[in-house]
Amino acid sequence: MCGRYTQTAKLQDLMDRFGIEDPDFELAPRYNLAPSQDAPVVGVNPKTPDTRTLRLMHWGLVPYHAKDAAKPIINARAETLGQRPAFRNLLPRRRCLVPADGFYEWRKEGRVRTPMRFTLRNGEPFAFAGLWDRWLRPDGTPFYSFTIVTTSPNSVIEPVHNRMPVLLLPEDEAKWLDPAVTDPAALSPLLKPYPADLMRGYCVSRAVNSPANDSPECLAPDEAPLTLLRRP
DNA sequence: CCAGACGTTGTT
DNA sequence: GTCTGG
DNA sequence: CCAGACGTTGTT
DNA sequence: GTCTGG
């Protein structure tokens with residue numbers, strides 16, 4: 001999973017906590033972020049271990065060795081992160097936090113697919129665990145991109161989907177961003193399903209289905225599926 | 001050794 | 001670049 | 001993830 | 001059906 005999320009508040013919090021200066025792009029809330037779009041990401045930069053970079057990156061990892069950007073990777077399985085050739089070199093040094101405050105999954109009932117939004121119960125923003133990379137376009141200009149780590153679902157997500165994105169516990173965010181931490185064995189314990197009792201989910205408008213709809217309408221609780229079943 | 005892949009999800 | 005498959 | 005397209009030639 | 005774009 002994890003092919004759509006919301007990001008309306010976490011940035012300032014992360015900037016404060018990690019001493020990041022104002023970015024050179026506008027901070028605008030996003031209600032329906034989709035793969036292949038640009039999203040703000042806080043990354044560990046191996047060349048400047050004492051600082052964190054906040055920049056817009058393309059959702060859909062294009063590995064540095066790629067010949068073209070034709071096959072972006074939007075998710076990475078936590079279970080095999082340290083083994084896959086494409087990821088094992090990124091895990092030690094190219095981790096990132098992807099700020100968010102909700103994500104969407106589609107519940108399947110027959111052929112009806114109802115979008116649901118999952119958030120923390122306390123409504124606080126959070127961060128997905130991500131990996132990023134830099135690819136060089138044919139013209140030599142850098143292209144920054146990231147992927148979101150997924151894991152097995154907790155009991156809140158499980159009725160809807162067989163995977164869920166990794167939400168880092170707030171107390172684990174600093175470790176995920178610490179360039180001094182390079183041991184996969186120290187990192188993989190962070191990539192667990194988020195505690196179910198701290199999460200909730202609710203149905204939202206089918207407006208979410210189109211990535212072109214990037215408005216607060218995507219956040220509003222919706223009971224529309226019931227009206228579809230109503231008979232005169 | 002060289003050639004070719006390097007990823008996930010969902011759906012049937 | 002680095003791993004896998006042949 | 002969903003929505004929407006699914007093509008070629010020649011010319012600049 | 002399958003790929004691309006958002």
Quiz prompt | Contact list for residues 141-156 of chain A, test salt bridge (charged side-chain N to carboxylate O under 4.0 Å, His left out), sequence neighbours left out | solution = none
Quiz item: Please, which pairs that meet salt bridge (charged side-chain N to carboxylate O under 4.0 Å, His left out) have at least one residue in residues 18-35 of chain A, sequence neighbours excluded?
Solution: A/R30-A/D214
Please report, rounded to the nearest Å, how far the [atom2] atom of [N] is from the [atom1] atom of [X].
| X | N | atom1 | atom2 | result |
| --- | --- | --- | --- | --- |
| A/R163 | B/dG7 | CZ | P | 14 Å |
| A/R107 | D/dC2 | CZ | C1' | 17 Å |
| A/I74 | B/dG7 | CD1 | C1' | 10 Å |
| A/F146 | B/dG7 | CZ | C1' | 15 Å |
| A/M164 | B/dT9 | CE | C1' | 16 Å |
| A/L81 | B/dT8 | CG | P | 9 Å |
| A/R4 | B/dT9 | CZ | C1' | 14 Å |
| A/W59 | D/dC2 | CH2 | P | 12 Å |

OP1 or OP2 of [N] under 4.0 Å from side-chain N/O of [X]:
| X | N | result |
| --- | --- | --- |
| A/T80 | B/dT8 | yes |
| A/R84 | B/dC6 | no |
| A/N75 | B/dT9 | no |
| A/T147 | B/dG7 | no |

Quiz prompt | With A/D197 via side chain to side chain donor-acceptor pair (under 3.5 Å) - residues at least two apart | solution = none
Quiz item: Considering residues at least two apart in sequence or located in another chain, which fulfil the side chain to side chain donor-acceptor pair (under 3.5 Å) criterion with A/R134?
Solution: none
Quiz item: So, does A/T150 use its side chain to make a donor-acceptor pair with the main chain of A/M164 at under 3.5 Å?
Solution: no
Quiz item: Does any residue of residues 123-131 of chain A have a heavy atom under 4.0 Å from DNA chain B, and if so, which ones, in number order?
Solution: none
Quiz prompt | Contact list for DNA chain B against residues 32-42 of chain A - heavy-atom distance below 4.0 Å | solution = none
Quiz prompt | Pairing residues for A/E79 by the salt bridge (charged side-chain N to carboxylate O under 4.0 Å, His left out) criterion, not counting sequence neighbours | solution = A/R77, A/R163
Quiz item: Partners of A/R17 by salt bridge (charged side-chain N to carboxylate O under 4.0 Å, His left out), sequence neighbours excluded?
Solution: A/D13, A/E173
Quiz item: Got a sec, which residues hit ring pair (Phe, Tyr, Trp, His ring centres under 6.0 Å) with A/F128, two or more places apart in sequence or on another chain?
Solution: A/Y5, A/F126
Quiz item: With sequence neighbours excluded, what pairs up with A/F143 under the ring pair (Phe, Tyr, Trp, His ring centres under 6.0 Å) test?
Solution: A/H58, A/W135
Quiz prompt | Residues A/E158 and A/N154: side-chain donor-acceptor under 3.5 angstrom | solution = no
Self-check item: Donor on one side chain, acceptor on other, A/R93 and A/T182, under 3.5 Å
Solution: no
Exercise. Quick one: label A/P115 by what it contacts on the DNA or RNA (base, sugar-phosphate, nothing), any heavy atom closer than 4.0 Å.
Key: nothing
Quiz prompt | Face-on cation placement of A/R117 at A/F103 ring, 6.0 Å and 45° thresholds | solution = no
Quiz item: According to the Watson-Crick and G-U wobble definition with distances under 3.5 Å, which dot-bracket string, read 5' to 3', encodes DNA chain B, using [ ] for crossing pairs and | for pairs with another strand?
Solution: ||||||......
Quiz item: What string of B, S and - do you get for nucleotides 1-6 of chain C, 5' to 3', if B is base contact, S is sugar-phosphate-only contact and - is no contact with any protein heavy atom under 4.0 Å?
Solution: BSS---
